[in-house]
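Data first, discussion second: the structure below is written as structure tokens.
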Amino acid sequence: CDRAMNSGIEIMDKALVFDLIIKNGQVIGIKVKHDGKIKEIHSNVVIAADGIGSKIVLRASLRKPWNNDIDIGKCAVAFVSNYNLKNERIDANYNQFYLSNEIAPNAYSWIFPLSNNLVNIGLGIHKLSGANPMEYLKKFIQWQKIKHKFSNPKIIWKSNFPVPLCGIKGKTFTDGLIAVGDSVGFVSPMLGEGIYYAMWTGRFAAETALEAHKKEDFTKKVLKSYKMKYRKKKFHSIFSTHKILRDILMSDVEKNVNAIVKLAKTEEEAQIIIKTALAGDTREISSELMERALFLIQRAINE
């Protein structure tokens, strides 16, 4: 933000973007509530980066509203102090992930060390589980397997929020408008990871806007290069793989993940799928490979 301001960008803090300005079917700006006044800001390209609750993408008819029963997951996160006792000092260098139905039913929880004995601790739950993520977060902090890592843990800040888990939903651009990040579902359907995809789609949107500026053409004809960029990065393929694996794993994540890891020791096809799902490997997966790997995974789970 500071770097943007230093280059001449104007930042409007605590401003509510509530509508688009559309002329002859093309987005040409936004309407904003700021300092008690309504303002119109005109622009050649609008980039919708307003998250899961985006009003912009709905107003532009890029996607339909989320289906709360199947599209959305729930997360709870907290900053917790008094972490990293002397006998756990090595943990300050690692992100930790925990798979246990006891503290995150059919999902996962995490501990991300920050600084000054502070950690980001949280978990995500698919809404179909019907669980309350904040209740499980409190349980996780007191969980016997991590309790020894803290000396009287104190919650400094906490929050819970929804996350889209359906993959890319609807369209991602139209005349004069590009949508990035959570607003159109650029989030892993299995991991709930969105920052990586938000940063990449933000970059692709900026590059596309610059290309449109050079051509002085801000229609879909030029803005479609945005889609070409994220498809080249294989985001659509990654999300499809993640969605399939999520549906397989959700019945019993502890048991099923153990079976898949065991399988990956001997089966290369399974290794490729796991690398794609967990490590963001962007290689193209053929339908034949996917079918073979999923057959092996399903068989391992059922054994």
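Bear in mind that the values here come from a model prediction, so they are computed numbers and not experimental data. For the single chain, residues carry numbers from 1 onward in sequence order.
A donor-acceptor pair under 3.5 Å is formed between the side chain of Arg63 and the backbone N or O of Ser183. When atom types are taken as modelled, the side chain of Ser81 and the backbone of Leu118 share no donor-acceptor pair closer than 3.5 angstrom. Judged by distance alone, the side chain of Thr241 and the main-chain N or O of Ser237 form a donor-acceptor pair under 3.5 Å. Here the side chain of Lys227 pairs no donor or acceptor atom with the backbone of Thr172 at under 3.5 angstrom.
The heavy-atom pair separating Val184 from Ala179 by the smallest distance is CG1-CB, 3.7 Å.
Both the sub-6.0 Å distance and the 45° axial angle are not jointly satisfied by Lys233 relative to the ring of Phe204.
With a 4.5 Å cut-off on side-chain heavy atoms, Phe235 and Tyr196 count as touching. Taking 4.5 Å as the limit, every side-chain heavy atom of Val32 sits out of range of all side-chain heavy atoms of Phe18. Residues Glu102 and Lys145 form no side-chain contact, since every pair of their non-hydrogen atoms from C-beta on lies 4.5 Å or further apart.
By the neighbour-count criterion of 12 heavy atoms within 6.0 Å, atom CD1 of Ile195 is sparsely surrounded, having that number or fewer from other residues, nucleotides or ligands. Counted within 6.0 Å of CG on Asn68, heavy atoms from surrounding residues, nucleotides or ligands total more than 12; the atom is thus considered enclosed.
Partners of Asp19 according to the salt bridge (Lys or Arg N to Asp or Glu O under 4.0 Å) rule, which considers only residues two or more places apart in sequence or in another chain, are Arg59. Taking the salt bridge (Lys or Arg N to Asp or Glu O under 4.0 Å) definition, one finds that Asp71 meets it with Lys169, sequence neighbours left out. Not counting sequence neighbours, the partners of Ser54 by the side-chain hydrogen bond (donor to acceptor under 3.5 Å, both in side chains) test are Asp50. In this structure Thr219 satisfies the side chain to side chain contact (heavy atoms under 4.5 Å, CB included) test together with Gln26, Asp175, Asp217, Lys221, sequence neighbours excluded. With sequence neighbours left out, Pro162 forms a side chain to side chain contact (heavy atoms under 4.5 Å, CB included) with Ile52, Ile72. When the side chain to side chain contact (heavy atoms under 4.5 Å, CB included) test is applied to Glu135, the partners found at least two apart in sequence or on another chain are Asn132, Lys138. Trp110 is linked by a side-chain hydrogen bond (donor to acceptor under 3.5 Å, both in side chains) to Asn120, counting only residues two or more places apart in sequence or in another chain. In this structure, the side chain to side chain contact (heavy atoms under 4.5 Å, CB included) partners of Lys39, at least two apart in sequence or on a different chain, are Met12, His34.
Interatomic distance, Lys139 NZ to Leu137 CG, rounded to the nearest 0.5 Å: 12.5 Å. Atoms NZ and CG, from Lys55 and Leu20 in turn, are 12.0 Å apart once rounded to the nearest 0.5 Å. Here the NZ-CD1 distance, from Lys158 to Ile141, works out to 8.5 Å after rounding to the nearest 0.5 Å. Note: Cys75 SG to Leu123 CG = 7.5 Å, rounded to the nearest 0.5 Å. With rounding to the nearest 0.5 Å, the separation of CG in Leu223 from OG1 in Thr208 is 7.0 Å. With values rounded to the nearest 0.5 angstrom, Tyr108 atom OH is found 9.0 Å from Met190 atom CE.
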| request: Take Ile111 and Phe97 through the test side chain to side chain contact (heavy atoms under 4.5 Å, CB included) and record every step on the way to the result. | output: CA-CA 7 Å; Ile111 297 178; Phe97 298 89; over 6 Å; no
| request: Carefully, step by step, assess His42 and Glu40 under the rule side chain to side chain contact (heavy atoms under 4.5 Å, CB included). | output: CA-CA 6 Å; His42 291 259; Glu40 290 191 356; 3.7 Å; yes
| task | Before giving the answer on side chain to side chain contact (heavy atoms under 4.5 Å, CB included), spell out for Val180 and Ile47 the whole-Å C-alpha distance, their side-chain angles and the decisive distance to 0.1 Å. | result | CA-CA 7 Å; Val180 303; Ile47 298 177; 3.9 Å; yes
| task | Please assess Ser100 against Trp143 for the test side chain to side chain contact (heavy atoms under 4.5 Å, CB included), listing each intermediate value before the final yes or no. | result | CA-CA 11 Å; Ser100 172; Trp143 195 34; 3.7 Å; yes
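The salt bridge (charged side-chain N to carboxylate O under 4.0 Å, His left out) analysis of residues 5-18, with sequence neighbours excluded, yields no pairs. Legend: ring-ring contact (aromatic ring centres under 6.0 Å, His included) pairs involving residues 156-189, not counting sequence neighbours, sorted by first then second residue: Phe79-Trp157, Phe186-Tyr230. For residues 205-215, the pairs satisfying salt bridge (charged side-chain N to carboxylate O under 4.0 Å, His left out) are Arg203-Glu207, Glu207-Lys229, Glu211-Lys229, with sequence neighbours left out.
Residue Val222 is found outside any hydrophobic cluster, as its side-chain heavy atoms come under 4.5 Å of no other Ile, Leu, Val, Met, Phe, Trp or Tyr.
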